[in-house]
Q: 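Here it is, the structure in full.
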Amino acid sequence: MTSRTKDMPVFNFDHERGGVTIPLPRDFHYQETLRYLTRSPLECLHQVVDGRVYKALAIGSERVVMEICEENGGGKSGPSSLLVRLNGDVAPTFDTWNTVAAYVTDWLDLRTDLSPFYERTAHDPLIGTLVTALRGLRIVGIPDLFEALCWAIIGQQINLTFAYTLKKRFVERFGTSIQTEAHTYWLFPTPEVIAACTINDLLPLQLTTQKATYILTLAHQMASGTLSKHSLLAQGNFPAIERHLLTLHGIGPWTTHYVLMRCFRDPTAFPIGDAALQNALKQLLHRTQKPPADEIKQLFAPWHGWEAYVTFYLWRSLAT
DNA sequence: GACCAGGGTTAGA
DNA sequence: TCTAACCATGGT
């Protein structure tokens with residue numbers, strides 16, 4: 001049985017293994033995806049064990065843990081798919097599977113046709129080698145808007161290790177979890193829970209007063225319905241979403257483009273002031289100084305339309 | 001101990 | 001519009 005409606009995820013039931021399979025697009029590199037997902041030992045919102053990805057998901061009032069792994073159809077270079085299974089004894093409904101498949105498809109960006117990106121960049125003198133090495137890596141998203149905004153704010157102006165530490169504290173203090181024999185799977189805190197907090201609840205995590213205030217304000221706006229991913233998408237185009245995000249306190253150009261990239265999947269999202277982006281280019285250009293913003297703009301000109309992917313790949317170039 | 005970190009706001013020119 | 005001061009703390 002296959003669902004194949006325009007905006008619906010595509011998946012097939014695999015009754016033998018008690019899960020569903022999601023067919024993979026032409027360019028998909030599972031191992032590079034796993035490398036990205038395991039980039040920090042402090043990551044608390046998913047886990048990778050023996051090549052399988054585990055992640056808790058809230059579906060309405062229901063909470064599940066997904067297990068994702070790759071299947072190679074027929075071994076050689078046949079069509080592959082992702083096998084997704086859920087924990088628990090109760091058989092999930094069709095709607096649950098549909099939501100899970102939609103989440104995975106969005107999370108791993110399985111719908112984007114990357115061939116124009118590779119045609120444009122694979123032989124580029126500056127990034128061709130990098131792009132070819134990472135070919136099939138897709139931008140891992142942050143589908144939840146509140147999580148994307150909080151993560152971006154937490155990560156402002158601090159190193160990634162500390163950012164992960166802060167996120168872990170935030171999640172383990174205010175989030176909910178699903179316990180199994182082997183692991184504890186955490187869900188990101190909801191805006192409602194954070195909106196009920198005071199600044200004094202957040203400061204002990206070592207968030208700055210500014211960041212704590214930004215997060216509290218956003219939580220209130222999202223809990224009250226003033227701000228939502230749905231309402232932003234209803235603006236109809238990315239520039240309109242960008243303008244709206246920029247009006248929010250604590251959300252500047254960098255955070256706006258970061259969220260456009262990881263949550264809204266704007267392919268032209270371009271956090272040009274990003275320190276890691278600048279460092280990746282500095283390294284690639286064999287410079288002693290980070291290239292200035294106007295030079296970065298010029299460098300990116302040939303890749304217009306794929307700024308988000310180039311940025312994501314440049315970030316990966318810094319991974320050891 | 002200096003310098004940097006996947007920035008943003010505010011005040012002042 | 002542009003710049004400088006400030007936030008504030010872990011990593012290296």
Side-chain angles (χ1 to χ4, degrees), chain A residues 35-45 127 130 134 137-142 145 147-170 172-173 199-219 221 227 242-285 287-294 296-297 299-300 307-320:
Chain A
R35 280 225 311 151
Y36 177 78
L37 290 174
T38 53
R39 69 189 170 142
S40 170
L42 293 168
E43 175 60 62
C44 56
L45 295 176
I127 61 169
L130 170 67
L134 295 177
L137 172 67
R138 286 162 182 271
I139 296 177
V140 176
I142 306 176
L145 177 61
E147 180 189 335
L149 287 167
C150 288
W151 174 233
I153 289 168
I154 286 171
Q156 288 170 358
Q157 189 57 25
I158 59 174
N159 63 69
L160 263 186
T161 305
F162 186 42
Y164 272 107
T165 299
L166 289 177
K167 181 173 90 163
K168 192 169 191 289
R169 288 178 190 160
F170 187 72
E172 293 182 352
R173 173 67 183 82
I199 189 144
N200 289 327
D201 296 322
L202 298 184
L203 291 181
L205 307 182
Q206 285 180 285
L207 286 163
T208 64
T209 307
Q210 285 178 331
K211 289 183 181 183
T213 307
Y214 301 154
I215 288 172
L216 278 180
T217 306
L218 287 170
Q221 290 172 313
L227 175 69
E242 177 180 354
R243 284 193 297 275
H244 194 285
L245 288 173
L246 281 170
T247 66
L248 303 173
H249 224 235
I251 312 295
W254 178 85
T255 309
T256 294
H257 281 262
Y258 186 88
V259 170
L260 281 170
M261 173 181 167
R262 306 274 321 262
C263 186
F264 292 96
R265 297 207 165 279
D266 175 1
T268 67
F270 188 18
I272 193 162
D274 184 84
L277 170 65
Q278 294 168 355
N279 280 329
L281 287 170
K282 169 185 157 189
Q283 188 172 300
L284 217 50
L285 292 162
R287 300 274 182 81
T288 55
Q289 302 285 327
K290 295 190 283 192
D294 47 348
I296 296 180
K297 280 181 192 167
L299 288 170
F300 268 68
E307 287 89 343
Y309 259 90
V310 174
T311 300
F312 194 69
Y313 276 40
L314 285 171
W315 284 345
R316 293 311 291 152
S317 76
L318 294 171
T320 49

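We name chains A, B, ... by the order of the sequence lines, and we start the count at 1 in each one. Hydrogens, waters and symmetry mates are skipped; everything else that's a heavy atom, side chains included, is used.
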Q: Say you pick atom P in B:dA11 and the same atom in C:dA8; how far apart are they, in whole Å?
A: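 About 15 Å, rounded to a whole number of Å.
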Q: Find the distance A:Q156:CD to C:dA8:C1' and express it as a whole number of Å.
A: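 Rounding to the nearest Å, CD of A:Q156 and C1' of C:dA8 are 13 Å apart.
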Q: Return no unless some side-chain N or O of A:T255 is found under 4.0 Å from OP1 or OP2 of B:dG8.
A: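 True: A:T255 side-chain N/O within range (under 4.0 Å) of B:dG8 OP1/OP2.
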Q: Think A:T209 has a side-chain N or O under 4.0 angstrom from the OP1 or OP2 of C:dA8?
A: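 Answer is yes, contact under 4.0 Å.
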Q: Between A:Y214 and A:W315, just flag the one whose closest nucleotide in DNA chain B comes earlier from the 5' side.
A: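 By nearest-heavy-atom nucleotide position, the 5'-most residue is A:W315.
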Q: Indicate whether OP1 or OP2 belonging to B:dG7 is found under 4.0 Å from a side-chain N or O atom of A:H257.
A: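 No, no such contact exists.
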Q: Can you tell me the distance, in whole Å, between the CD atom of A:Q278 and the C1' atom of B:dG7?
A: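 For the pair A:Q278 CD and B:dG7 C1', the rounded distance is 11 Å.
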Q: Over how many whole Å does the gap from A:K290 atom NZ to B:dG7 atom C1' extend?
A: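 These atoms are roughly 11 Å apart.
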Q: Is the backbone of A:I142 close enough, under 3.5 Å, to the side chain of A:R262 for a donor and an acceptor to pair up by distance?
A: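 Such a contact is absent between A:R262 side chain and A:I142 backbone.
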Q: Contact class for A:I251 (heavy atom, under 4.0 Å): base, sugar-phosphate, or nothing?
A: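 Sugar-phosphate, backbone atoms only, no base.
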Q: Can you measure A:L42 atom CG to C:dG10 atom P for me and round it to whole angstrom units?
A: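 After rounding, the reported distance stands at 14 Å.
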Q: Please compare A:L277 and A:L246 by the position of their nearest nucleotide in DNA chain B and report the one closer to 5'.
A: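 Looking at DNA chain B, the more 5' nearest nucleotide goes with A:L277.
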Q: For the pair A:Y36 (side chain) and A:R316 (backbone), establish whether a donor and an acceptor sit closer than 3.5 Å, ignoring hydrogens and angles.
A: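 Between the backbone of A:R316 and the side chain of A:Y36 there is no qualifying donor-acceptor contact (under 3.5 Å).
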Q: Hey, is the main chain of A:P271 close enough, under 3.5 Å, to the side chain of A:H257 for a donor-acceptor pair?
A: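 Such a contact is absent between A:H257 side chain and A:P271 backbone.
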Q: Could you tell me whether A:P253 contacts a base, only the sugar-phosphate backbone, or nothing, with contacts defined as non-hydrogen atoms closer than 4.0 Å?
A: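 Result for A:P253 = sugar-phosphate.
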Q: With a 4.0 Å heavy-atom cut-off, tell me which residues in residues 157-164 of chain A come close to DNA chain B, sorted by residue number.
A: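 Of all residues in residues 157-164 of chain A, the ones placing a heavy atom under 4.0 Å from DNA chain B are A:Q157, A:I158, A:N159, A:L160.
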Q: Do A:Y309 side-chain atoms and A:I139 backbone N/O form a donor-acceptor pair below 3.5 Å?
A: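 Yes; judged by distance alone, with no hydrogens or angles, the pair exists.
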Q: Look at the side-chain N and O atoms of A:K282 and state whether any lies under 4.0 Å from the OP1 or OP2 oxygen of B:dC4.
A: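 The answer is no; no side-chain N or O of A:K282 sits under 4.0 Å from OP1 or OP2.
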Q: Nearest 0.5 Å, what's the OG1-CG distance between A:T268 and A:L260?
A: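 Spacing of OG1 (A:T268) from CG (A:L260) equals 7.5 Å.
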Q: Of the options B:dA5, C:dA8, C:dG11, whose atoms approach the side-chain atoms of A:A275 most closely?
A: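 Nearest listed nucleotide: B:dA5.
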Q: With Watson-Crick and G-U wobble geometry limited to distances under 3.5 Å, how should the secondary structure of DNA chain C be encoded in dot-bracket form, using | for bases paired to another strand and [ ] for crossing pairs?
A: |||||||.||||
Q: Check the distance between C:dG10's P and A:L166's CG and give it to me in whole angstrom.
A: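 Interatomic distance, CG of A:L166 to P of C:dG10: 9 Å.
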Q: Could you state the NE2-C1' distance from A:H249 to C:dC7, rounded to the nearest angstrom?
A: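 Result: 13 Å.
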Q: If you look at every strand shown and take non-hydrogen atoms under 4.0 Å, does A:I154 touch a base, only sugar-phosphate, or nothing?
A: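 Nothing, no heavy atom under 4.0 Å.
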Q: Does the A:K211 side chain pair with the main chain of A:Q156, one donor and one acceptor, at a distance under 3.5 Å?
A: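 Present.
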Q: Tell me: CG of A:L205 to P of C:dT9, nearest whole Å?
A: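 Whole-Å distance recorded here is 13 Å.
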Q: Tell me which nucleotide among B:dG8, B:dA5, B:dT10 gets nearest to the side chain of A:Q210.
A: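 That would be B:dG8.
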Q: Tell me, do A:E242 and A:L246 make a side-chain contact under 4.5 Å, heavy atoms counted?
A: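 In contact.
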Q: From CG of A:L248 over to C1' of B:dG7, roughly how many Å is that when rounded to an integer?
A: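 Distance, rounded to whole Å: 15 Å.
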